[in-house]
Structure formats: structure tokens, C-alpha cells
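As the structure is a computational prediction, the values presented were derived from the model and not from experiment. Each ligand, and each atom within it, is numbered from 1 in the order the structure gives.
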Amino acid sequence: MSGRSEVLVRVPAKINLALLVSQPRPDGYHDVETVYHAISVYDDLTASLDDDISVATIGSQADQVPQGADNLAVRAAVLLAEHTGAADGVRMRVRKRIPVAGGMAGGSADAAAALVACDRLWRTGLTRAALLELAAEIGSDVPFCLMGGTAVGTGRGEHLTPALARGTFHWVIALADEGLSTPAVYAECDRLRAGRAVPTPRIPAAMMQALRSGDAVALGAAMTNDLQPAAVNLMPDLARTLEVGIGDGALGAVISGSGPSVAFLVASTEAALDLSIGLTAAGVCRDVLRATGPVPGARAVEARWST
Ligand code: C5P
């Protein structure tokens, strides 16, 4: 085996501009209607041919990422090998910038990157549709990490329709000290809603209209997340983070997915810098990221073929 061919895949974080959640289904999942939005916070996955399938993670939270068979990039590579009969292995290295357990699809992003990288490296040449299907087997958010842009997700979130969205939006993301477990947040949501009628999830029409017209003020007002009360209950400090960001002039604020990252929409790059300073000065987050969206999904940005 040559071991010298290498491919670099860049994959974005996602935030959920809207997340409407049903009652639990018999299989334990929840039907959702969600608007995914890919933003310019990236993990980079480098892959080269090897005998086995392995991953190593570098970056500030690398110690919180499983390195073995539980790693979603490893699961993606194993699934692709099983599905295609590819006999090669892969050695992957992930430079993490997407927060771990932050509600921004950090693990799912690496799975999507691994699918793209291995498909190239092993020359399995799957269609986009086949890759999306494999992605859905790994996790609800993995297909969107492949697709990127802005898209409506239904089912568990894995059925995607690209959304018409005009222009570029500016974001400030407040990161929390700790992560939140997605199943725990869904379970807390169920607990809080026990005994109450839960409406069928439906994305507000105002949100789709705001995206179509590129209207940041209207988008900020339409952002919503059914999991937010549950995330705040499990991490009460998030209420203060939301309050400070809105008080400092954000056009809208929403916890992303199951949290705890909070996405603030602002009007410009300058406003993003001002809000970052405000959030940092108030001491309501571990760190802040500034980003724009939408951006493309997982894609190979560089490949060297030496054999
Ligand atoms: O699909 P994924 O493996 O990312 O989901 C992780 C967990 O989040 C699931 O096991 C489930 O508890 C919860 N979940 C859910 N409904 C969804 C997506 C995720 O209940 N639509």
C-alpha cells in the first residue's frame, strides 16, 4: 500500500435557525422540522491510506473526543467500507474547531468529512444520493453536514430540502464551559411537556420569508427552538447569556440544536465584534466565535496523489 495519497476535507458547523420538535416516536426519536444553516466554523480532516481505520484529533477540546470505534469519523469510514467492499484502510487526523457537545454537529461534521475523504481516497465514487443515505445511518445531522448551505430538515432531521436564502448572515456564537448530552436534552424536553398537547412541528412561514428576502431583522425575530427551555433548565446560566446578547443589540438569539452553544444574529462584521466584546466582558461564556453563513458542506479542498 502506498500510504502517500492524502486528501483534506473541510466541513462546517451547523446551527439550527428553527427547531420544532414532536412528541417522542415509538423508536425514541422525535420528528422535527428544522432549518439548518452551515456557518464558517470548520473542522479539517486529513486522510491517507493505511492498513487499518483510525483517527487522531487535535485542537483545544481534542481530549473530549473518543478516539476508537465510537468516534463518528471511524464509524463513517467503517460503514463506507462495509457498504462498498473497499479493502483499504484510512488514517484520519481531525483538527477540531467546532465545539464538542455544543449543539453544532461537531461529531456529525467529522462523520460527513470522513465519508467524503474515504470516498475520494478509496475511489469508491458513490453518488451524492448514496452518500446522503449512508450519512443518515450514522446520525440525524450528518446528511446536512454533507449538504451545507441552508436547508429544511424533516423526519429525524435527515430528510433535506435546500432552502432559498439570499445574502450572507453574520453570527456570534457563545460557547459554554461544559457540553450538553443531546439525548438528555430531548428527555428533559419530554419531561417539561408531559401531559400537555404538543402541536405538529411546523417551521414559521415568517422564517422562510425572511430567508428568501435576506432580511436579518425578520430572521432574528423568527428564530425559535423547542429544545431551548430544556437546555436552559439543564444549564440555567444560559438564560443570562441569552439576556446579555439581546441586551447588547443582537437581532435575535437562539440556542443551537440541543445546546449549549448560543447563536446571536447581528447586522454586520462590526456588530459581531462589538457583541463578542460585550459577551466576553460580561463573563457569560467560555469563548466566542464569529462566523458567517451560509457556507458549503463537507468538501475536499486539497488532494495530493503520489501514486
Ligand atoms: O441521530 P443522532 O444519533 O445524532 O441522535 C442522538 C440522540 O438524540 C438520539 O439517540 C435521540 O435521543 C436524540 N434525537 C431525537 N430526535 C431527533 C434527533 C435526535 O430524539 N430527531
Side-chain angles (χ1 to χ4, degrees), residues 11-38 43 55 64-66 68-80 94 96 98-115 131-148 151-161 178-194 196 198-203 224-231 233-235 254-261 297-298:
V11 62
K14 64 85 181 164
I15 54 178
N16 301 79
L17 307 181
L19 178 54
L20 291 307
V21 175
S22 76
Q23 278 173 325
R25 311 191 310 201
D27 67 358
Y29 279 89
H30 298 70
D31 281 320
V32 300
E33 278 214 3
T34 187
V35 179
Y36 289 112
H37 184 68
D43 279 359
V55 70
Q64 296 170 42
V65 179
D70 287 345
N71 184 289
L72 286 187
V74 170
R75 276 175 48 194
V78 168
L79 188 67
L80 183 67
V94 177
K96 274 220 86 59
I98 306 175
V100 175
M104 297 176 72
S108 303
D110 298 344
L115 285 178
L131 278 178
L132 285 168
E133 231 170 84
L134 282 186
E137 278 187 47
I138 303 160
S140 309
D141 293 337
V142 182
F144 177 72
C145 295
L146 278 180
M147 180 182 272
V152 172
T154 55
R156 287 183 287 124
E158 82 279 31
H159 298 306
L160 297 174
T161 311
E178 314 266 314
L180 277 175
S181 143
T182 301
V185 175
Y186 272 100
E188 179 69 0
C189 175
D190 293 340
R191 196 185 67 80
L192 291 175
R193 303 197 299 195
R196 295 214 319 258
V198 177
T200 305
R202 183 119 328 131
I203 294 163
T224 184
N225 182 354
D226 280 350
L227 294 180
Q228 189 154 310
N233 237 27
L234 294 175
M235 203 179 269
V254 75
I255 288 178
S256 179
S258 55
S261 305

Give the intermediate values and the outcome of side-chain contact (heavy atoms from CB on, under 4.5 Å) for residues D31 and R25.
CA-CA 7 Å; D31 281 320; R25 311 191 310 201; 2.9 Å; yes

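The proximity of Y29 to ligand 1, defined as any non-hydrogen pair under 4.0 Å, involves the side chain as well as the backbone.
When all heavy atoms of G103 and K14 are compared, the closest pair comes out as O-NZ, 3.0 Å. Among all heavy-atom pairs drawn from A230 and V185, the shortest one is CB-O, 3.5 Å.
Here the OG1 atom belonging to T161 is positioned 11.5 Å from the OH atom belonging to Y36, to the nearest 0.5 angstrom. From I203, atom CD1 reaches atom CG of L19 across 9.5 Å, with rounding to the nearest 0.5 Å.
Shown in contact with G28 at under 4.0 Å from a heavy atom are these atoms of ligand 1, numbered in order with element: 20 (O). The S140 neighbourhood of ligand 1 comprises atoms 1 (O), 2 (P), 4 (O), 18 (C), with distances under 4.0 Å to a heavy atom of that residue. Within ligand 1, the atoms closer than 4.0 Å to a non-hydrogen atom of P183 are 7 (C), 12 (O), numbered from 1 in the order shown. Within ligand 1, the atoms closer than 4.0 Å to a non-hydrogen atom of G139 are 1 (O), numbered from 1 in the order shown.
Residue contact annotation: V32 has a non-hydrogen atom under 4.0 Å from ligand 1. Not a single heavy atom of G157 lies less than 4.0 angstrom from ligand 1.
Side chain of R202 to backbone of E33: no donor-acceptor contact under 3.5 angstrom is found.
Within a 6.0 Å sphere centred on CD of Q64, heavy atoms belonging to other residues, nucleotides or ligands number more than 12.
In this structure, the protein non-hydrogen atom closest to atom 21 (N) of ligand 1 is H30 O, 2.8 Å. The protein heavy-atom contact nearest to atom 14 (N) of ligand 1 is Y186 CE1, 3.4 Å.
Remark: ligand 1 and T182 share no N or O pair separated by less than 3.5 Å (distance only, no angle test).
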